[in-house]
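Structure first, then comments.
Below, chain A is the first sequence line, B the second, and so on; all start at residue 1.
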2 protein chains.
Amino acid sequence: MTRSEENYLKAIFHLGNGEPGPITTNAIAEQMETKPSSVTDMAKKLAEKGLVHYKKYQGISLTDSGTRTALSIIRKHRLWEVFLVKKLDFTWDEVHEVAEQLEHIKSEKLIDKIDALLDFPKYDPHGDPIPTKDGKFMERDKQLLSDMPINTQGVCVGVKDSSAPFLKFLDKNKIALGNTIKILDKEDFDQSLQILMEGKELRISHQIASNLYVKKND
Amino acid sequence: MTRSEENYLKAIFHLGNGEPGPITTNAIAEQMETKPSSVTDMAKKLAEKGLVHYKKYQGISLTDSGTRTALSIIRKHRLWEVFLVKKLDFTWDEVHEVAEQLEHIKSEKLIDKIDALLDFPKYDPHGDPIPTKDGKFMERDKQLLSDMPINTQGVCVGVKDSSAPFLKFLDKNKIALGNTIKILDKEDFDQSLQILMEGKELRISHQIASNLYVKKND
DNA sequence: ACCTATTTTTAGTTTTGTCTAAATTTTAAT
DNA sequence: ATTAAAATTTAGACAAAACTAAAAATAGGT
Ligand SMILES: [Mn+2]
Ligand SMILES: [Mn+2]
Ligand SMILES: [Mn+2]
Ligand SMILES: [Mn+2]
C-alpha cells in the first residue's frame with residue numbers, strides 16, 4: 001500500500017461518510033487537490049486491488065477491504081493527533097499537518113503502543129471518534145450549534161471545520177471542547193447567537209455556530 | 001528534500017565517518033542495497049543541490065550543508081529509537097526498522113519535543129551518540145572488546161553490529177549495555193574470551209567480542 | 001608501457017504518480 | 001429530441017527513482 005493509495009482511500013471514506021452511494025471523480029479530485037484525470041488513474045489501480053468499486057462514469061465507492069484500510073489510516077491519524085496534544089503539548093491547530101505524515105508509518109505495534117500510552121482515547125483533539133483496532137467507528141450523538149433551538153443546554157464536543165484559522169479563532173475567543181454552552185437568543189437578521197459559555201455571555205456568528213458540534217444535555 | 005535523498009546522505013555520512021576522503025560509488029551502492037548506476041544518478045542530483053562534492057570517477061563526499069542534513073536525519077533516527085524503547089517498551093532489536101520511517105517525518109517542533117520528553121538523551125539504545133540540534137556529534141571514548149588486553153575492566157557501552165539477530169543473541173546471553181565487564185582470559189586458538197560480566201563468568205567468541213564496544217574504567 | 005580486471009558512467013527502460021489536452025459520456029435545459 | 005454544458009476518461013507526456021546492458025575510465029600487474 002503506497003502513501004498515495006492510502007490518501008485516496010482516506011479521502012473517499014471522508015467524502016462518502018454520511019452520503020450513501022458512489023463518490024464522484026471531481027469530488028475526490030477537489031478533496032485531494034489533484035486533477036480528475038489523476039483520480040481516474042488511481043480508481044483503476046485501487047479497483048484492480050479490490051479496494052474500491054469502480055465502473056466507468058459511475059463513480060467510486062470503497063469495498064469492505066477499502067473501508068477497513070481507510071479506517072486504519074484514520075485511526076492512526078487521530079491517535080497521533082491525540083499523542084501530539086497530550087504528550088507533546090502541541091495545540092489542536094498544529095497537529096493535523098504532522099499527523100498527515102505520521103499516519104503512514106507502517107508498524108502495527110507502534111500504533112497499538114501509542115494507543116495504550118494514551119489510555120485508549122475515544123476521540124481526537126477535534127472531537128472526532130477514533131476507530132477501534134477492528135474498525136468499529138462510533139459517531140457521537142451531536143448536532144451543529146446552529147441547528148439547536150433557543151434555551152437548549154449542552155457541551156461543545158467537536159468542530160466541523162478543523163482548519164487552523166478556525167481553531168485559532170476559537171482559542172482566541174476561549175471556546176474549547178468540553179465547555180458548557182446554553183443558547184440564550186437567536187438573531188433573525190443574521191442568525192447570530194447569544195450564548196452562555198462557561199458562565200460568560202457572548203455573541204457568536206452563524207458562520208461559527210454552523211461549525212461547532214454540541215451534545216445536548218439529557 | 002526527498003526521502004531517497006535523505007537516505008543517500010545518511011549512507012554517505014556513515015561510510016565517511018572515520019575514513020577521510022571521498023566515498024566510492026560501489027560502497028554507497030552496497031550500503032544502500034542498490035546499483036552503482038543509481039548511485040551515480042543520485043550523486044549528480046545531490047551535487048546539483050550543493051549537498052555533496054562530486055567529480056566523475058572521483059568519488060563522493062558530503063559538503064558542509066550535506067553533513068548538516070545527514071546529522072539532522074541521524075539525530076531524528078536515534079531520538080525516535082530512544083522514544084520507542086523508553087516510552088513504548090520496544091526492544092532494542094525492534095526499533096531500527098520503525099526509526100527508518102520516523103526519521104523522515106518533517107517537523108522541527110516534533111523532534112524537539114520528543115527530545116525534551118526523553119530528557120535530552122545523549123545516546124541511543126545501541127550506544128550511538130545523538131547529534132545535538134546544531135549538529136554537534138560526540139563520539140564516546142570506547143573500544144572493541146576484542147581489542148582490550150587481559151585483566152582490563154570496563155562497561156559495555158555499544159554495539160558495532162546492531163542487526164536484530166546479534167542484538168537478540170546478546171539478550172539471550174544476558175549481555176546488555178551498562179553491564180560491567182572484566183576480561184579474564186584470551187584463548188589464542190580461536191581468540192575467544194573468558195569474561196566476568198556482572199559477576200558471572202562466561203565465554204565469548206571473537207565474533208561477538210569484535211562487535212561489542214566497551215568503555216575502560218579509569 | 002601495455003594489457004586486463006574492476007569501477008564507474010552512460011544510454012535506454014520501467015514504474016509510480018502526476019499533468020495537459022483532446023475525446024467521450026452523461027446531464028440538464030430548451 | 002436536440003443540443004449545450006459539465007463531468008469523466010483517454011492519450012500522450014513528464015519527473016523521480018530505480019533497473020540492465022554497454023561503454024568508458026581507472027588501477028594493478030607484468
Ligand atoms: Mn487531522
Ligand atoms: Mn482530527
Ligand atoms: Mn538504527
Ligand atoms: Mn541506533
Side-chain angles (χ1 to χ4, degrees), chain A residues 1-16 19-62 66 69-70 73 100-101 103-106, chain B residues 1-16 19-62 66 69-70 73 100-101 103-106:
Chain A
M1 184 76 45
T2 71
R3 174 169 305 220
S4 186
E5 287 169 354
E6 291 183 346
N7 284 332
Y8 272 95
L9 293 177
K10 198 167 50 123
I12 297 164
F13 182 92
H14 282 133
L15 289 165
E19 310 305 309
I23 314 303
T24 68
T25 303
N26 271 2
I28 297 169
E30 194 178 347
Q31 171 92 359
M32 308 265 312
E33 299 183 74
T34 185
K35 303 292 169 183
S37 54
S38 306
V39 175
T40 301
D41 287 346
M42 185 56 82
K44 289 175 187 166
K45 198 193 311 182
L46 293 175
E48 194 66 40
K49 295 194 178 190
L51 294 161
V52 302
H53 300 290
Y54 170 65
K55 283 240 171 66
K56 272 195 204 183
Y57 298 102
Q58 302 299 121
I60 297 156
S61 61
L62 294 176
T69 307
I73 310 295
E100 284 291 309
Q101 299 178 63
E103 72 188 6
H104 300 290
I105 300 289
K106 278 160 188 63
Chain B
M1 182 76 48
T2 70
R3 175 170 302 222
S4 184
E5 286 169 355
E6 290 182 347
N7 284 333
Y8 272 95
L9 292 177
K10 201 168 49 124
I12 297 165
F13 181 91
H14 282 134
L15 288 166
E19 309 305 309
I23 312 303
T24 68
T25 302
N26 270 1
I28 296 168
E30 195 179 346
Q31 172 90 4
M32 308 264 313
E33 298 184 75
T34 184
K35 302 292 170 182
S37 54
S38 305
V39 175
T40 301
D41 287 345
M42 185 55 83
K44 288 176 186 165
K45 196 196 309 184
L46 294 174
E48 196 66 40
K49 296 195 176 189
L51 295 163
V52 303
H53 300 290
Y54 171 64
K55 285 241 171 65
K56 270 195 202 180
Y57 298 102
Q58 302 300 120
I60 297 157
S61 61
L62 295 175
T69 307
I73 310 294
E100 284 292 309
Q101 300 178 63
E103 70 187 6
H104 300 291
I105 300 290
K106 279 162 188 60

I want to check one thing: is the phosphate of [N], taken as OP1 and OP2, less than 4.0 Å away from some side-chain N or O of [X]?
X	N	answer
B:T25	C:dT9	yes
B:K44	C:dT9	no
A:Y54	D:dT8	no
B:K56	D:dA24	no

Could you state the [atom1]-[atom2] distance from [X] to [N], rounded to the nearest angstrom?
X	N	atom1	atom2	result
A:K35	D:dA7	NZ	P	14 Å
A:M42	C:dC19	CE	C1'	14 Å
A:N26	C:dT27	CG	P	13 Å
B:M1	D:dA16	CE	P	14 Å
B:D41	C:dT9	CG	P	10 Å
A:L46	C:dT16	CG	C1'	13 Å
B:M32	D:dA16	CE	C1'	14 Å
A:R3	C:dT16	CZ	P	17 Å

Is there side-chain contact between [X] and [Y], with at least one heavy-atom pair below 4.5 Å?
X	Y	answer
A:N26	A:V39	no
B:Q31	B:I28	no
A:L51	A:L9	yes

Which of the following nucleotides, [options], is nearest to the side chain of [X]?
X	options	answer
B:Y8	D:dA18, C:dT18, C:dT9	D:dA18
B:T34	C:dT10, D:dT8, D:dC19	D:dC19
A:Y57	D:dC19, C:dT24, C:dT10	C:dT24
B:T40	C:dC19, C:dT10, D:dT9	C:dT10

Determine, stepwise, if the pair B:H104 / B:E6 fulfils side chain to side chain donor-acceptor pair (under 3.5 Å). CA-CA 8 Å; B:H104 300 291; B:E6 290 182 347; 2.5 Å; yes
Check: A:S37 side chain, C:dT18 base, donor-acceptor under 3.5 Å: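 No pair found.
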Under 3.5 Å donor-acceptor pair, A:S4 side-chain atoms to C:dT18 base atoms: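 Such a pair does not exist between side chain and base.
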Go ahead and write out DNA chain C as dot-bracket, 5' to 3': ( ) for pairs within the strand, [ ] for ones crossing earlier pairs, | when the partner sits on another strand, dots for unpaired; Watson-Crick or G-U wobble, both distances under 3.5 Å. ||||||||||||||||||||||||||||||
Nearest 0.5 Å, what's the OG1-CE distance between A:T2 and A:M42?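 With rounding to 0.5 Å, OG1 (A:T2) is 5.0 Å from CE (A:M42).
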